[in-house]
K.L.:
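Dropping the structure in here first, questions after.
So you know, we letter chains A, B, ... as the sequences are listed, proteins then strands, and number each from 1.
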Amino acid sequence: MASKSRWADTEEDAALEAKKKREKEEKKRLKAEKAQKAEAERRAQAEAEAAAKQRAAQEQQQRLEPPDDNIPPTKRRKITPEQDDQEKDGTTENESSAKLLRFEAGGWGKSRSVENYDKLNDIEEGAYGWVARAKEIKTGKVVALKRLKFDPNDASGLPETGLREIQILKDCSHRNIVSLREVVVGDDTSRIENIFLVLEFLEHDLMSVLGDMPEPFLASEVKTLLLQLASGVAYLHDHWVLHRDLKTSNLLLNNRGQLKIADFGMARYVGDPPPPKLTQLVVTLWYRAPELLLGAKTYGAAVDMWSVGCIFGELLTREPLLQGKNEVDELAKIFELCGIPTDESWPGFRRLPNARHLRLPKSSGTNTGPIIRARFPLLTAAGSALLSSLLSLNPDRRPTAKEMLDHEFFRQDPKPKHEAMFPTFPSKAGQERRRRRSTPNAPGRGQKAADLGTMDFSGLFASREKEERGGGFSLRMV
Amino acid sequence: MAHMTNPLATVDQLYQRTSFSALPSDLQDAIFFTTQCLTQAAGILLRIPQSVTAQANVILARYWLVESPLAHEFSDTSAAALFLVAKLSAHPCPPRDVCNVYAYLLSPSSVLFKSGSSDKGGGVEDKDKGDPSSYYLSESAYASFRARILALEARILYSLSFDTHVALPHPLAITYLQALDFLDLPRAEIARRVVAYLNTALLSPQLLYLTHQPHALAVAAIYAAARDAGAKMPACAWWEVFDVDREELGFLVVGMRSLEGWVRAQREGEDGVLSAKANGMVTRAYVEGEMRKRGLRIGNGSAGDEMEDEEMALMRQMDEKASQLEG
């Protein structure tokens, strides 16, 4: 085909020659355009388009303007071919008759140096790295610097957890998710050994706020926090991200009542259907969903919703809800609170790897059911309905984050408190002293998921059996 | 939107590449094409899905707009890009596998870059073919290869400011095809052709994936495939429905269709880099020799200056020596 060989010639030529040629073509193009314009105006639109297509086939590299649009023929581009290319992707121009969507996603370049920041003070050293408060020298803006922990001698290179965290945070933009401003590296760029995430700085994390509060949050405040958490989680799930380590110490709070989800060290992208080789050992023990404890190989967004349920409970009592000492104890605590799974409430749970050795107490009606309402007597009916549904043993029964946002609980009085009216707390992250309660760390990568062996929970409800049964009535706890 | 958009090369980056690089553009194009082919071949041997290998192609192309290709051995860069992207995907592959596959692909036994017909001085090769010892990777060679890949992994990330996001046009193209009702063609056939165009475009030294958004690439591939099949396309400006204007479409279609001719010309040309004379993967030593032949200076004015200090040069020489001894 004639057009093909002409283009191929250009392709072969050195860049300089190509440039010259394109300049020539540019002139030709202008001429042709003028002639065309006059001609095209008289034509019917459909006819013009047919012609346009024909031309597209024959002389594409001349890149004629569509004849049917109303660009002034004087429209000009006197630029290098590269700029021409750039314009072609349309980030800047488009004057065709139809209004076309343009997508802008920036470019790329080298990372900046960490020397652009002044360290103010350390905040903490977590399982996945060290965090410090720092100030950008140029702007004076206070940020949190999180150092990517990695072993330069590791045979598998940079840790995928850290890289995934960067990748996911870069893609996320939501008011309830901590924002990643940039990634900087140490000054010596001949060997990349120090990598820092520059994150927005928030004054508190929810765990230390809860730990230091003399009084628990008011119901209205709990609602505000939960709504923000749910909307952040909904955004993540909507963008195919599982966080897999939601807990109060990973939820940050600023002095304006804003909650943001942080620490995406365990997060990953998933698809539908979920990818095959998901890590089993995820989520900090106290927030880990029963299906994970029972060794489920595939899991989904519901594991995050379980954690949200645990956080809900923790917001009410200021204490982590299910503080198991190990996997078996955690499961015991879960069954104690939420009742034991049955084939009706959770069809198929018996097929989970760790459930085979599970010895459960005989299900004898009411006394093995959930006691969530009893545990939170001050919660309204809607509130405890939400909490119970979040803490459903069967992952399919847990609401999605979106459904949670629409829950009646948030429409009831007391209404969620406005963020601006939120109480403030003395900031810990800047200060020296901080009281820390030890929570178990998030599970390490590459560790083996615990094989729970034979578990005997048959004695779990023994004490409940012995409890006094009332004379046919019971106090209703609202 | 992040699933559908890519960061694009800036005008400056493209201009730098074509106008200020020490590398003559024909060599640059040949390096680009062969290295991308190598990445694809490695992806196949490592059984990595094309969705991952294609991302590695794009990451590698982006990296070479920031740092000169000459800063590192091309095959190392290819391996590092593939290793990095695979690690972030659902299909990670251990460094050992990557090293083995590259050792094989770069060995005389590999059939990659060997054109069977033009086998003139092939006496030695025939003997080597299929000889496992030619791609045996000794423990020390493995350790040094791995060390280079890992250093490059960090280097690539640094150069892209850790942004590894790549949106591919392939899924979009299928969606668009569905919207067009597959142009009344056998579905599998037209879809295969479209995907073939998209995959070919990954190899194009025109850097189409760096200058155009996925939706435009998808529409152009459909247009090109439909024309190949002689399909009846809608009479209106259907590409505008997919937010592509005619000019952009024309440019991309020509770009996509031209690669085949360019490669053939390079292969048949007497002293093209891809010709039978230069059998095998293009190496940095070859390019440097070629440049010396043309009387060009190396490592001057390129973006990778800081890497070109004496120590690095020395280390590289040692690496090359070592691999010569082993090879």
K.L.:
Can you tell which part of B:Val241 gets under 4.5 Å to a heavy atom of chain A, answering side chain, backbone, both or neither?
P.N.:
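Interface part for B:Val241: neither.
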
K.L.:
Quick one: of B:Ala154, B:Pro95, B:Ser161, who has the most non-hydrogen atom pairs under 4.5 Å with chain A?
P.N.:
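Option with the greatest count: B:Ser161.
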
K.L.:
Give, as side chain, backbone, both or neither, the part of B:Ala216 having an atom under 4.5 angstrom from any heavy atom of chain A.
P.N.:
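Contact with chain A involves no heavy atom of B:Ala216 at all.
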
K.L.:
Distance-only, no hydrogens or angles: does the B:Glu268 side chain make a donor-acceptor pair with backbone N or O of B:Ala265 under 3.5 Å?
P.N.:
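The answer is no, because no donor-acceptor pair under 3.5 Å joins these two groups.
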
K.L.:
Using 4.0 Å as the upper bound for N to carboxylate O, is an ion pair formed by B:Asp76 and B:Arg146?
P.N.:
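No, no charged N to carboxylate O under 4.0 Å.
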
K.L.:
Can a salt bridge be assigned to the pair A:Glu160 and A:Arg268 using a cut-off of 4.0 Å between side-chain N and carboxylate O?
P.N.:
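Salt bridge between A:Glu160 and A:Arg268, a charged N being under 4.0 Å from a carboxylate O: no.
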
K.L.:
Could you look at B:Gln28 and say if it's the side chain, the backbone, both or neither that has a heavy atom under 4.5 Å from chain A?
P.N.:
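It is neither, since no heavy atom gets under 4.5 Å.
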
K.L.:
For B:Glu240, is there an ion pair with B:Arg246 - N to carboxylate O distance below 4.0 angstrom?
P.N.:
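No, B:Arg246 and B:Glu240 are not salt-bridged.
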
K.L.:
Is it the case that the ring center of B:Tyr176 lies less than 6.0 angstrom away from the ring center of B:His215?
P.N.:
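When the ring centroids of B:His215 and B:Tyr176 are compared, they turn out to be at least 6.0 Å apart.
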
K.L.:
With a 4.5 angstrom heavy-atom cut-off, is it the side chain or the backbone of A:Ile166 that approaches chain B, or both, or neither?
P.N.:
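Answer is side chain: those atoms of A:Ile166 sit under 4.5 Å from chain B.
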
K.L.:
Can you tell which of B:Leu207, B:Leu252, B:Leu160 has the highest number of heavy-atom pairs within less than 4.5 Å of chain A?
P.N.:
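Among the listed options, the one with the most contacts to chain A is B:Leu160.
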
K.L.:
Before accepting this row, confirm whether a basic side-chain N of the pair B:Arg47/B:Asp97 lies closer than 4.0 Å to the acidic partner's carboxylate O.
P.N.:
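Salt bridge between B:Arg47 and B:Asp97, a charged N being under 4.0 Å from a carboxylate O: no.
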
K.L.:
Does any heavy atom of chain B fall under 4.5 Å from the side chain of A:Leu278, the backbone, both, or neither of them?
P.N.:
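For A:Leu278, there is no contact with chain B at all, as no heavy atom is under 4.5 Å.
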
K.L.:
Does NZ or CZ of A:Arg164 come closer than 6.0 Å to the centre of the six-membered ring of A:Phe264, within 45° of the ring's axis?
P.N.:
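No, A:Arg164 does not sit over the ring of A:Phe264.
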
K.L.:
Using non-hydrogen atoms only, which part of B:Arg62 is less than 4.5 Å away from chain A: side chain, backbone, both, or neither?
P.N.:
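Contact with chain A: backbone and side chain both.
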
K.L.:
Give me the ring orientation class for B:Trp238 and B:Tyr223: parallel if the planes are under 30° apart, tilted from 30 to 60°, perpendicular past 60°.
P.N.:
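Parallel.
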
K.L.:
Please rank B:Thr164, B:Leu150, B:Leu157 by heavy-atom pairs under 4.5 Å with chain A and give me the top one.
P.N.:
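Max contact count across the listed options: B:Leu150.
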
K.L.:
Which atoms of B:Leu84 come close to chain A, meaning under 4.5 Å heavy atom to heavy atom: side chain ones, backbone ones, both, or neither?
P.N.:
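Only the side chain of B:Leu84 comes within 4.5 Å of chain A.
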
K.L.:
Under 4.5 Å heavy-atom distance to chain A, tell me which part of B:Phe242 shows up: side chain, backbone, both or neither.
P.N.:
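The answer is neither part of B:Phe242.
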
